[in-house]
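Order of the sequence lines sets the chain letters (A, B, ...), proteins ahead of strands, with each chain counted from 1.
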Amino acid sequence: MPQPAATGNASDPDRLAPAVVEWFAHAARPLPWRAADVSPWAVLVSEFMLQQTQVSRVQPRWEAWIARWPTPAALAAEPPAEAVRAWDRLGYPRRALWLHRAATEIVERHGGEVPRDLDDLLALQGIGPYTARAVAAFAFGDRHPVVDTNTRRVIARAVDGRAEAGPPATARDLAAMERLLPADRDAAHRFNAGAMELGATVCTARAPRCDACPVADLCAWRARGYPAYDGPRRTRQARFAGSDREARGLVMRELRAAHRPVPAEELRRVLPDDPERFRRALEGLVADGLAVASLDGYVLPHA
DNA sequence: TAAGCGTGGCA
DNA sequence: TTGCCAAGCTT
């Protein structure tokens with residue numbers, strides 16, 4: 001399909017990266033894992049914690065985690081139970097288990113050094129398309145498209161002129177970011193980080209601050225008059241109150257606090273009115289390896 | 001491809 | 001208050 005001449009077309013995608021990079025140079029939040037002297041391991045830990053979890057909740061847990069386990073080997077030397085406890089209430093405690101397992105894999109397969117190669121990173125437990133590229137790009141400075149929910153939204157609006165990104169499709173999303181990514185390594189790094197930052201702080205899901213947006217003048221969504229989203233709706237997240245997830249969280253809270261086996265009869269008091277939901281939650285946690293049945297009750301995993 | 005997975009902030 | 005959303009991953 002023929003393209004119009006690049007003579008200042010309002011939504012010229014080639015202008016997006018330079019504008020975002022320039023904005024990011026002064027607008028970036030001073031997040032601790034962005035400091036120049038942070039190790040690849042510390043970056044990797046931040047990326048695990050930030051999966052589906054807000055910056056404000058991650059920061060204190062990350063500081064404590066890095067102080068206690070400054071290397072993959074330090075974490076791998078402890079039982080998974082300690083990782084789950086230190087994870088505290090960050091949510092999705094399977095991530096703590098996966099991070100511990102990834103640390104073990106890094107020690108076993110990579111001599112204790114976080115790998116730089118994308119395929120090596122992807123092979124680690126709990127690391128998917130986003131986290132692998134985030135570590136390669138942010139910890140090592142390599143040129144990869146990094147696509148998270150923020151970047152997807154920025155591209156959907158600024159480039160595609162749509163209010164929302166629609167369902168994720170990894171290959172397509174990566175290709176879309178690759179088309180925008182500067183050839184220069186350092187610029188690519190800054191654009192990856194800047195696009196995420198823009199989506200997180202300005203081009204937000206619910207109340208975008210277009211008046212403060214550095215790319216408002218080349219935003220296709222704005223040029224079209226902010227049309228409403230007309231694509232497929234995201235499947236609604238089930239209500240949390242009364243859910244199995246809530247039950248799992250209550251059980252995990254007990255197991256983290258107890259430093260001895262908790263008998264099932266005692267554990268079920270977290271959900272006195274719903275024994276069936278308690279049973280499903282506990283079975284699920286055991287299946288996930290977050291709870292282990294011992295002679296005297298249930299404990300966090302020690303191996 | 002879609003469901004399931006914690007917890008908390010915010011409108 | 002209720003519902004949406006959040007630096008995703010695994011199955």
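The 5' end of DNA chain C is approached more closely, in terms of each residue's nearest nucleotide, by A:Ser46 than by the other of A:Ser46 and A:Leu124. Of the residues near DNA chain B, A:Pro168 and A:Leu285, the one whose nearest nucleotide (by heavy atom distance) lies more toward the 5' end is A:Pro168. Two residues, A:Leu50 and A:Ile127, neighbour DNA chain C, and the one matched to the more 5' nucleotide by heavy-atom proximity is A:Leu50.
By the 4.5 Å heavy-atom criterion applied to side chains, A:Glu63 and A:Trp33 are not counted as neighbours. Residues A:Pro261 and A:Leu295 are not in side-chain contact: their nearest non-hydrogen atoms beyond the backbone lie 4.5 Å or more apart. Here the side chains of A:Leu44 and A:Ile106 are in contact, with some heavy-atom distance below 4.5 Å.
Contact annotation for A:Arg153: backbone-only contact, meaning every heavy-atom pair under 4.0 Å involves sugar-phosphate atoms and none involves a base. Contacts of A:Phe240 with the nucleic acid, taken as non-hydrogen atoms under 4.0 Å apart, include base atoms. Residue A:Arg29 is classed as a base contact, given a heavy-atom separation below 4.0 Å to a base. Residue A:Arg89 is in sugar-phosphate contact alone, with no base atom involved, counting any heavy-atom pair closer than 4.0 Å across all strands shown. Contact annotation for A:Ala134: no contact, since no heavy-atom pair falls under 4.0 Å across all strands. Looking at heavy-atom distances under 4.0 Å, A:Thr53 makes contact with a base. A:Trp87 comes within 4.0 angstrom of no nucleic acid atom, judged by non-hydrogen atoms across all strands.
With B:dC5, B:dA3, C:dT10 as the candidates, the nucleotide lying closest to the side chain of A:Thr235 is B:dA3. The side chain of A:Asp148 lies closest to C:dG8 when the candidates are B:dG4, C:dG8, C:dC5. Comparing C:dA7, C:dC9, B:dC5 by their nearest atom to the side chain of A:Pro129 picks out C:dC9. Side chain of A:Gln237, nearest nucleotide from C:dG8, C:dT10, B:dT7: B:dT7. Among the nucleotides C:dA7, B:dT7, C:dG3, the one closest to any side-chain atom of A:Leu31 is C:dA7.
Between the C1' atom of C:dC5 and the CZ atom of A:Arg239 lies a distance of 16 Å, rounded to the nearest Å. Atom CG in A:Asp173 sits roughly 12 Å away from atom P in C:dC9 (whole-Å rounding). If you take CD of A:Gln59 and P of B:dG8, they are 17 Å apart, rounded to a whole angstrom. When rounded to the nearest whole Å, the span between CZ of A:Arg236 and C1' of B:dG4 equals 16 Å. Protein atom CG of A:Asp288 is 12 Å distant from nucleotide atom C1' of C:dC9, rounded to whole Å. The nearest whole Å value for the distance from the NE2 atom in A:His100 to the P atom in C:dC9 is 21 Å. Rounding to whole angstrom units, CG of residue A:Leu122 and C1' of C:dG8 are separated by 13 Å. In this structure, CZ of A:Arg94 is placed 7 Å from C1' of B:dG4, rounded to the nearest angstrom.
With ring centers used as reference points, A:Tyr226 lies under 6.0 Å from A:Trp221.
Rounded to whole Å, the P atom of C:dT2 lies 22 Å from the corresponding atom of B:dC5. A gap of 13 Å separates the P atoms of B:dC10 and C:dA7, to the nearest Å.
At B:dG4, none of the side-chain N or O atoms of A:Arg245 fall inside 4.0 Å of OP1 or OP2 (strictly under the cut-off). The side chain of A:Thr131 contributes no N or O atom lying less than 4.0 Å from OP1 or OP2 of C:dG8. Residue A:Arg234 has no polar side-chain atom (N or O) positioned under 4.0 Å from OP1 or OP2 of B:dA2.
Between the side chain of A:Arg57 and the main chain of A:Leu90, a donor-acceptor pair closer than 3.5 Å is present. No donor-acceptor pair under 3.5 Å is formed between the side chain of A:Arg152 and the backbone N or O of A:Asp148.
For the side-chain contact (heavy atoms from CB on, under 4.5 Å) criterion with A:Val270, the lone passing option out of A:Val262, A:Leu282, A:Leu250 is A:Leu250.
Side-chain contact of A:Arg209 with A:Thr201: a donor-acceptor pair under 3.5 Å is absent, judged by distance alone. No side-chain donor-acceptor contact under 3.5 Å links A:Trp69 and A:Glu82.
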Protein-nucleotides 9-11 of chain B N/O pairs closer than 3.5 Å?
from, atom 1, to, atom 2, distance (Å)
B:dG9, N2, A:Arg206, NH2, 2.9

